[in-house]
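Each chain gets a letter, A, B and so on, in the order its sequence line appears, and its residues count up from 1. Predicted model, so just to flag it, every value in this text is computed and none were measured.
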Amino acid sequence: MTVGPQTTETSRFKITDIKKVFGSGQSNLRQFGILFSLIAIIALFQVLTNGLTLSPGNLINLVSQYAYILILAIGMVMVIIAGHIDLSVGSVAAFVGIVVASAMADWGLPWPLGIVLGLVVGAAIGAWQGLWVAYVGVPAFIVTLAGMLIFRGGNQLIGNANTIAVPEGFTSIGAGYLPEVGPNTGYNNLTLLVGLALSLAVIISEWRSRRTQRSMGSVPAPVWVSLVKVIVLVFVIGYAAVLFASGRVGTSLPISGIILGVLVLIYAFITRNTIFGRHIYAVGGNKHAAELSGVNSRRVNFLVMMNMSILAALAGMIFVARSQASGPQDGLGWELDAIAAVFIGGAAVSGGIGTVAGSIIGGLVMAVLNNGLQLLGVGSDRVQIIKGLVLLIAVGLDVWNKTQGRPSISGLLTRRFGSTKPAAPVQFEAPQIETISEAPEKVLPNGGTPDSARPGAVTRN
Amino acid sequence: MVRQDDPRPAFSSDPIILEMRSITKEFPGVKALSDVSLTVRPNEIHAICGENGAGKSTLMKVLSGVYPYGTYTGTITFQNEECRFKDIKSSENAGIVIIHQELALIPELSITENIFLGNEPTRFGSIDWPQAKRRAIELLARVGLEDDPDTQIKNIGVGKQQLVEIAKALNKSVKLLILDEPTAALNETDSQHLLDLIRGLKSKGVSSIMISHKLNEIEQVADSITIIRDGKTIETLNVKADGVNEDRIIRGMVGRTLENRFPDRHPTIGEVFFEVKNWVVQHPQVTERLVVKDSSFTVRRGEVVGFAGLMGAGRTELAMSLFGRSYGTFISGQVFKDGKQIQLRNVTEAIDHGLAYVSEDRKALGLNLLDDIKRSIVSAKLSKISRADVVNDVDEYQVSESYRRSLRIKTPTVNEGVSTLSGGNQQKVVLAKWMFTDPDLLILDEPTRGIDVGAKAEIYGIIRDLAAQGKGIIMISSELPELLGVSDRIYTIFEGTITNDILASQADPETLMRSMTSTKRKVLS
């Protein structure tokens, strides 16, 4: 039986191609399972809450309520990739919040300068912690545990354990929305424009990635894969944009959501495409090998810790802006939410593995879960229990799958699908490439390879 | 076609302690073992030879229960009973103990504690330490180790640790000992001691299966040899009856005779371009100890300079301290390149000055095993494929793809993880990584350690080609035939001091070994 390459590429449907809709790189494949869970959870709560979950009001609320946790997750995944942890982010956020709030209240500092001050204080705290971690060599767990106590105490010292209100202008970064401009369309015009811009960006980036793949000599996924991918993404973006734009008058896409979106794009690019990003993975994956390749691991560790505190400062200010005041209980337990998001998003405890996008999806899983349970009127006691179990099960499944030599739930699903359809003409190359791109995921979090992995992974020396 | 010899040709009436028959083990997409048979007789040392990835370790994992019954097909008969091991514990109960290449000892615990780990003698529910210690002393005596059983494992050398592992096995009343590359990390003396011990155990009724790449050792101790290639049993040789020698084993392993293990070279050696003068380096912890003492040497363009020395002589320490002070504390010394003095204060400076260091431990120091091939290859010189600190994916792919082809890295695509490669191919990735930095001087530290014969020849070919391009090569190796076959000139090191400088064409193993074991400095030529 001979099948022409053109026909197979364009018209034959291959189950393995479905995964390519969600991305062709290894890191994307890793996130497939968790993305799938996110969609399932959204669908579940959409049904359970009778459509309340994806109502404009709830969506807007969801974003402004969790933006700061997701911002923390961006920094946290970099810290965790480098092989560290940061327990101080909640306290740092609270400390920066109170400093900025009292500077604006006591010295009459204009709010834009207040934001700058907050970022500078965050950078200084980060430099302090980075110094201990990178140059003195104290484990980040200890340094940031100390930081957690120091800056929580600092918050209460400066604020006298009281709440300090912030001026109205400042609240826009936490409680502000895209303004109403242009003709009255019944929607928020700017939000629709953002949606349009994002859709265009998706189309262009997909087209560019196909071109890149071709120039790298590899056969890109069939055209329909790209088409489906673009259509799905544009639909999701468009639908979200319409939802955000049709909120109650005066509300639309939250400013904090825009800040988050911009940060996600910037940091996804930094971690994936820049030399510094590569160095973070190198240091987390094998510090000695990285150093012998000319990577300054101390500098990397320093910058990663410093960056985390800057983002914590930003998250703290957004929270203060949203609640219109800074208080002594701000940021309690944030570090744990951020860390949970990162691990649900597929990062490895021992470092070297993780992505910004994965962590954001992981954070969204927790956010939707939290929000949906609240909508259903489940008490916070039970919400916590459920969140704890979800974290344990998500990471447990991931670990179990890896020790079974299977890359992920998704890999399992599609493989099962593929094998139940023996009649489908499976091209030699496509499944081959699939298994190969999954191979690195068989590496255990501790950096070893499971004995049950394919023999290729068991290298004997 | 593969010749399927009857595994017990001439002496089928002899008793058999272990018979593995028609073992087939499949992993998704790959048949790692296909109808492999292995027969071990009582009081025998049975060597298993094969290239990396041939299936030796998989076979031993089947035997020791790492892959439980049911995950493979075929039968295992041990002491006339069919065995269906469900884990390592059940194979140990039957008397089969495997000692892995990476020792399973806990550095912070004492010798006694390690020997009885998981098998502690108890009295009224608590550990009976006096009895454990008495027993430990007995066991240590049997393996010829005189250290205090209270010594922490981290305070004894690798050679002694290996003996502790064997003592641990003896405590489990072992009948069949499996040793995976037991001498890989040992020096000559320790290796010899270990081999003598294995031979001694044989006379006391303990059979051994030994996996080793060191063919001279196999030739020396093994009674029979099973050769595995591509997951299939090729042949079983009786050492005495079949008159086995190294070439014979190699022929079986690679399926061809390696006429010439070292490539022909017609070196065109230029002038001295790299010179180290009076290099002194201190031990990182023990400040009174100098690991490199007043060493001076030169490298010419297009020259392969060998460094011979026993383990711990200071070869690696010298190389790493040169490469951006990656080891120890720099005390004094000067480095000249093209007549100008250069500073190599950190790795980045060393790379910028055209140095490259391929470490002896590619897993711990050479590669990030979480990475894929293409990222690994470009990792030491990302700036070369970046603009404004942004890495160009297309360049990265094309660069690594060209190395995959030119170095013949066996992998379908460069997107594959380096952990999926065999040792030899991983080493090629490390070489590609450093070739990509476009170095003038490559320091290769044990470049062929733990890789199979076929891949070794390819590495030698790469070294030859690099030298032909006018690069200087420093090759550190423990294998004297390799040094003599590949180098143009050889320095010997003993206790941190360079003791000889001799042209390879005028050297022989005896001369080198003398200089490697004596401080007496010969007149440098």
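No other option in B/N392, B/T437, B/D393, B/D389 has as many heavy-atom pairs under 4.5 Å with chain A as B/D389. Most heavy-atom pairs under 4.5 Å with chain A: of the set B/E401, B/E396, B/Q427, this distinction falls to B/E396. Among the candidates A/L292, A/T274, A/N296, A/V295, the residue making the largest number of heavy-atom pairs closer than 4.5 Å to chain B is A/L292. With respect to chain B, the highest number of heavy-atom pairs below 4.5 Å among A/G352, A/A290, A/A289 belongs to A/A289.
Residue contact with chain A, scored on non-hydrogen atoms closer than 4.5 Å, is absent for B/V430. B/L365 touches chain A through backbone and side chain together, each having a heavy atom under 4.5 Å away. Heavy atoms of B/K433 lying under 4.5 Å from chain A belong exclusively to its side chain.
Residues from residues 278-287 of chain A that place a non-hydrogen atom less than 4.5 Å from a non-hydrogen atom of chain B comprise A/R278, A/H279, A/Y281, A/A282, A/G285, A/N286, given in numerical order.
Residues A/T212 and B/Y397 are not in side-chain contact: their nearest non-hydrogen atoms beyond the backbone lie 4.5 Å or more apart.
Around CZ of B/R325, the count of heavy atoms belonging to other residues, nucleotides or ligands within 6.0 Å exceeds 12. The local environment of NZ in B/K384 is crowded, with over 12 non-hydrogen atoms from other residues, nucleotides or ligands closer than 6.0 Å.
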